[in-house]
Participant: 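Sharing a structure below in structure tokens format, with a few things to ask.
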Number of protein chains: 2
Amino acid sequence: MKKKFTIRDVAKKAGLSLSTISLVLNNKGYVSDANKQKILSIIKELDYHPQRSARGLASQLSGNIGFILTEDHFSQSEPFYTRIFLGTEFEARKHNYYILLTTVGKNVKETYEIPRFLLEHNVDGVIIAGKIGSSWIEYISNKHIPFLLVDYVAPKVSNITIDNRTGAELVVQHFLRGGHKKIGFIGGDLRHPSIHERFAQYQSVLLAAGITPSEQWYNVDQSNTTSSDGYEAAKKIFNSNDNKPTAIFAANDAMAIGCMQYLKENGFRIPKDIAIAGFDNIEAGLHVEPRLTTVNVHREEMGSLAVRRIVEMVKEKNGVVTKTITPVELVVRDSCGIRMD
Amino acid sequence: MKKKFTIRDVAKKAGLSLSTISLVLNNKGYVSDANKQKILSIIKELDYHPQRSARGLASQLSGNIGFILTEDHFSQSEPFYTRIFLGTEFEARKHNYYILLTTVGKNVKETYEIPRFLLEHNVDGVIIAGKIGSSWIEYISNKHIPFLLVDYVAPKVSNITIDNRTGAELVVQHFLRGGHKKIGFIGGDLRHPSIHERFAQYQSVLLAAGITPSEQWYNVDQSNTTSSDGYEAAKKIFNSNDNKPTAIFAANDAMAIGCMQYLKENGFRIPKDIAIAGFDNIEAGLHVEPRLTTVNVHREEMGSLAVRRIVEMVKEKNGVVTKTITPVELVVRDSCGIRMD
DNA sequence: GTAATATATCGAAACGGTTCGATATATAAA
DNA sequence: TTTATATATCGAACCGTTTCGATATATTAC
């Protein structure tokens, strides 16, 4: 078992002081080119790597970024936020950071389980994904640590969001182009800004097209947006209703899939009788039959962006609030029966 | 901005030495009950929490566990290993650890991108998920750091695996019970022990039932096990073959789904013409039509077990090699058309 | 009653880096 | 030439813990 080398070993071997080694390690200050090369080659020779905790202690920087998810988002089967997490992980590596993932309850008080990485000063910045209680935002804000939200909004806080309005517009336009007039919507948890925007834009686009959405076409009463919520919402709309829509825009793919299930069970043909489109472009939409038309969201990219922004914030220490919107595209498959020629 | 307290503040306030505080912090040595209570209450009052990096430096323990995944497992759309990761994350918290996730190339040399957490001594143990090059196993072995494999095997290395044999047996017995004789298998990447075991047991069980599997019934030539591999394997079996199987056991759900797609496209009815079962019980199996009969694998639990074991290994420092097998159950849904009455 | 052991507390030395002046020399500006 | 500035290197302090004796007292064993 070869013992591990320290910066002292490097210094001794180079005949220079610790500080000089540290300077080249961090690319700071002034070091002559000759010595820099010498040190670098000794570092390579010894396979020396500075120890994270020692660095952390001295510099008061952990080299970690915290990723916070609420428990319900975490347990939701659909890996929407998981993909965002994977995006952060990938990007973090480029910046020599690690991501520490943790889940929390809706609100601070509720559980009093504060993420350990916040207490132990083990992260330099924090990314929060999805809807979260404002108490958490306040709590972290008071920690004076850089943080931002992904797929959520709060006043005076930087965030990365989805271009929900464009997405909703693309879907509704797609239906209109297919000749649909009675276009419905199913959704839930309108307090989530993404869902709310999708619903709001659905209404505006219809109105702009001269169509007033009937209350019998849409349902946004579900408290959540899972596939079983989609099933329930579909039931409410299609069960004994004399003014049924011919197309359904679901707030997300999970709901769309639940909705499809209800329709199929009740003898509706998709897309012949009812056209359906979702939002998010999750994997399952490919395996469902017919394959789901949806709006693609760049989840990994959102994670990347979040990390890049956090890294900036850690460096700059300034307080500029940025709001970044990521683009979306319509993904036309078979569940609407509308060609794109 | 309230400044953060250190162990010194606690000591001062308690009128005791640093060492005594440290002792109660770590539940070590002897501290009188009176002082212990006093210290504890001061800690609570100040909301003091020891700083991770300082601890790490002094104790030479990082409080982190590394989770290594090969790049191809990572990019595979099916979140099989992701779920294992989430299981580790959840369990780690109970033990006051964090998980550092990273992906690596198949082999050490290939990329020469060694996970930073190994170089910087930033993990106390390592979990490796899925198939990985033996060069990696050797490399980490030489680091003299506790590690184990999940869903993979290597000589003299602890691991957590799936009871693939029982799973395969359950599926084949299920087919036999349904009256099938010509039972096929599709798979790929036989060098992965899980796949290999499933295939081997499929053969043994058939033989034990007095059936010799025909080469026209199975295909294990795919290099991978994605849904498109399943599609291709199905094509090879069902495209102009005068001795077609009536049931297909797919090495995993992804392949089963690809196989279903091929069959549906080519006019086979499931399960009427061909019965299909998979393995893994991934989410997508619920959304496919008919819903996929499969074998449930406790992925989160495997992650939990892995963390518990690693924590033990870090504590014990002994070298006992353990091999843990996690159970599976048959999940009967609609793709085999066999009732369980 | 004395020796051995358990309990309680502390000072000081790690742990392995970063960073702030101090010092010295080379270069540019006046 | 003198002064200011850029370049180069170093020593020492510091980051916030843990842990190893040392010391002192209380308890138990014989």
Participant: Using a 4.0 Å heavy-atom cut-off across all strands, classify Ser19(B) as base, sugar-phosphate, or nothing.
Facilitator: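 Here Ser19(B) touches the bases of the nucleic acid.
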Participant: Just to verify, what does Glu89(A) make a side chain to side chain donor-acceptor pair (under 3.5 Å) with, not counting sequence neighbours?
Facilitator: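 Residues passing side chain to side chain donor-acceptor pair (under 3.5 Å) with Glu89(A): none at all.
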Participant: Return whichever of Leu16(A) or Ile7(B) has its heavy-atom-nearest nucleotide of DNA chain D closer to the 5' end.
Facilitator: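 So the residue in question is Leu16(A).
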Participant: Has the side chain of Lys323(B) got a donor or acceptor atom that lies under 3.5 Å from a matching backbone atom of Val157(B)?
Facilitator: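 It does hold such a pair.
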Participant: Anything under 4.0 Å to a heavy atom of chain B counts; send over the first and last such nucleotide of DNA chain D, read 5' to 3'.
Facilitator: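 Extent of the interface on DNA chain D: dG16(D) to dT19(D).
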Participant: Provide, to the nearest angstrom, the distance between the CG atom belonging to Leu61(B) and the P atom belonging to dG16(C).
Facilitator: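 Distance, rounded to whole Å: 13 Å.
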Participant: For Val150(A), run the side-chain contact (heavy atoms from CB on, under 4.5 Å) check against Ile160(A), Leu305(A), Ile162(A) and tell me which one passes.
Facilitator: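 So, applying the side-chain contact (heavy atoms from CB on, under 4.5 Å) to Val150(A) and each of Ile160(A), Leu305(A), Ile162(A), only Ile160(A) qualifies.
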Participant: Separation of Asn122(B) atom CG from dC15(C) atom C1', in whole Å?
Facilitator: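 From Asn122(B) CG to dC15(C) C1': 15 Å.
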Participant: Is the shortest side-chain N/O distance from Gln60(B) to OP1 or OP2 of dA14(C) below 4.0 Å?
Facilitator: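 Gln60(B) to dA14(C) OP1/OP2: no side-chain N or O under 4.0 Å.
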Participant: Does anything in residues 20-43 of chain B reach DNA chain D, meaning a heavy atom under 4.0 Å, and if so which residues?
Facilitator: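 Here the set is Ser22(B), Asn26(B), Lys28(B).
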Participant: Could you check whether Leu18(B) gets within reach of a base, just the sugar-phosphate, or nothing at all, counting any heavy atom under 4.0 Å?
Facilitator: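 Contact class for Leu18(B): base.
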Participant: When the distance from CD of Gln51(A) to P of dA14(C) is rounded to whole Å, what number comes out?
Facilitator: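 Computing the Gln51(A):CD to dA14(C):P distance gives 17 Å.
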Participant: My understanding is that only residues two or more places apart in sequence, or in another chain, count here; which of them pass salt bridge (Lys or Arg N to Asp or Glu O under 4.0 Å) with Arg116(B)?
Facilitator: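 In terms of salt bridge (Lys or Arg N to Asp or Glu O under 4.0 Å), with neighbours along the sequence ignored, Arg116(B) is linked to Glu120(B).
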Participant: Suppose the criterion is salt bridge (charged side-chain N to carboxylate O under 4.0 Å, His left out): which pairs have a residue in residues 12-34 of chain A, not counting sequence neighbours?
Facilitator: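 Counting only pairs at least two positions apart or across chains, the salt bridge (charged side-chain N to carboxylate O under 4.0 Å, His left out) contacts touching residues 12-34 of chain A are Lys13(A)-Glu45(A).
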Participant: Please determine whether a side-chain nitrogen of the Lys or Arg among Lys315(B) and Glu312(B) lies less than 4.0 Å from a carboxylate oxygen of the Asp or Glu.
Facilitator: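 Judged by the 4.0 Å cut-off on N to carboxylate O distance, Lys315(B) and Glu312(B) do not form a salt bridge.
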Participant: Which residues pass the ring-ring contact (aromatic ring centres under 6.0 Å, His included) test with Tyr97(B), sequence neighbours left out?
Facilitator: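 Per chain and number, Tyr97(B) pairs via ring-ring contact (aromatic ring centres under 6.0 Å, His included) with no residue.
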Participant: So, Ser59(A) side chain and Arg55(A) main chain: donor-acceptor pair closer than 3.5 Å or not?
Facilitator: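 Yes.
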